[in-house]
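Heavy atoms only: backbone and side chains are in, while hydrogens, waters and symmetry mates are out.
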Amino acid sequence: MSTQCKIVKRNLIVNVSEELDHHNAEIIRDKIDKLIIKHNIKCVIFDFSNTKFMDSSGIGVIMGRYKNIKNMGGNVVVTNVNTRMDRIFKLSGLYRIINSYDGVDQALKDISNIS
């Protein structure tokens with residue numbers, strides 16, 4: 001399964017593929033960055049419901065998008081994080097800057113309340 005992207009208003013929902021590693025990180029990063037610019041995206045929601053593996057390159061993709069979006073006044077969140085991904089997020093410290101939600105709908109609702 002490849003990474004799929006969907007735009008809802010000014011929010012980019014990224015349904016991350018089964019593996020977010022050095023083999024596909026650059027492709028995913030470029031795809032997301034182009035969509036952010038083209039559609040003036042305010043928030044990126046990474047949906048990890050199908051993800052089974054992520055390495056440091058995946059963390060880099062998330063951190064890079066976080067820095068870019070924050071500079072534009074937006075936000076990055078993650079959803080549907082399984083126990084393996086949860087451990088990676090905790091160990092990497094990403095939860096200190098990125099919020100996690102149980103699902104995309106919950107994230108969209110919360111984001112719209114903040115706007």
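The distance from the CG atom of L94 to the CE atom of M63 is 6.0 Å, given to the nearest 0.5 Å. To the nearest 0.5 angstrom, M85 atom CE is 12.5 Å from S100 atom OG. To the nearest 0.5 Å, the span separating NZ on K52 from CD on E19 amounts to 9.5 Å. How far CG of N75 is from CD1 of I97: 9.5 Å, rounded to the nearest 0.5 Å. Note: I69 CD1 to K42 NZ = 11.0 Å, rounded to the nearest 0.5 Å. Between the CD atom in E18 and the CG atom in N24 there is a gap of 11.0 Å [rounded to 0.5 Å].
Partner N15 forms a side chain to side chain donor-acceptor pair (under 3.5 Å) with one of N80, N50, T79 and no other, that one being N50.
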Audit row: N82, F48, side chain to side chain contact (heavy atoms under 4.5 Å, CB included) steps and yes/no: CA-CA 7 Å; N82 64 33; F48 284 92; over 6 Å; no
Begin with the C-alpha distance, continue with both residues' side-chain angles, and end with the deciding distance and a verdict on side chain to side chain contact (heavy atoms under 4.5 Å, CB included) for T3 and L20. CA-CA 9 Å; T3 296; L20 180 50; 5.9 Å; no
Could you walk me through whether I98 and I62 pass side chain to side chain contact (heavy atoms under 4.5 Å, CB included), step by step? CA-CA 9 Å; I98 295 175; I62 296 166; 3.4 Å; yes
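For D86 against V81, the heavy-atom pair with the smallest separation is N-CG1, 3.2 Å. Residues V77 and C43 share a closest heavy-atom pair of CG2-SG, 4.5 Å.
At a threshold of 4.5 Å between non-hydrogen side-chain atoms, the residues S57 and D21 do not count as touching. Residues I36 and M72 are in side-chain contact: their nearest non-hydrogen atoms beyond the backbone lie under 4.5 Å apart.
Judged by distance alone, the side chain of D110 and the main-chain N or O of Q106 form no donor-acceptor pair under 3.5 Å. When atom types are taken as modelled, the side chain of R65 and the backbone of V61 share a donor-acceptor pair closer than 3.5 angstrom. No donor-acceptor pair closer than 3.5 Å links the side chain of K31 to the backbone N or O of C5. With hydrogens and angles disregarded, no donor-acceptor distance shorter than 3.5 Å links the side chain of N11 to the backbone of I45. Looking only at distances, a side-chain donor or acceptor of T51 sits under 3.5 Å from a matching main-chain atom of S17.
Residue R84 qualifies as open at atom CZ: its count of foreign heavy atoms under 6.0 Å is 12 or below. Other residues, nucleotides and ligands contribute over 12 non-hydrogen atoms within 6.0 Å of the CG atom of D30.
D105 has no carboxylate O lying under 4.0 Å from a charged side-chain N of K109, or vice versa, which leaves the two without a salt bridge.
Cluster annotation: F53 is not connected to I88 through the hydrophobic network of ILVMFWY side chains, with a link wherever side-chain heavy atoms come within less than 4.5 Å. When the side chains of ILVMFWY residues are joined at heavy-atom separations under 4.5 Å, either directly or via intervening members, F46 and I7 end up in a single hydrophobic cluster. By the criterion of side-chain heavy atoms lying less than 4.5 angstrom apart, applied directly or through intervening Ile, Leu, Val, Met, Phe, Trp or Tyr residues, I41 is not grouped with I37; the two fall into different hydrophobic clusters.
With sequence neighbours left out, the ring pair (Phe, Tyr, Trp, His ring centres under 6.0 Å) criterion links Y95 to F89.
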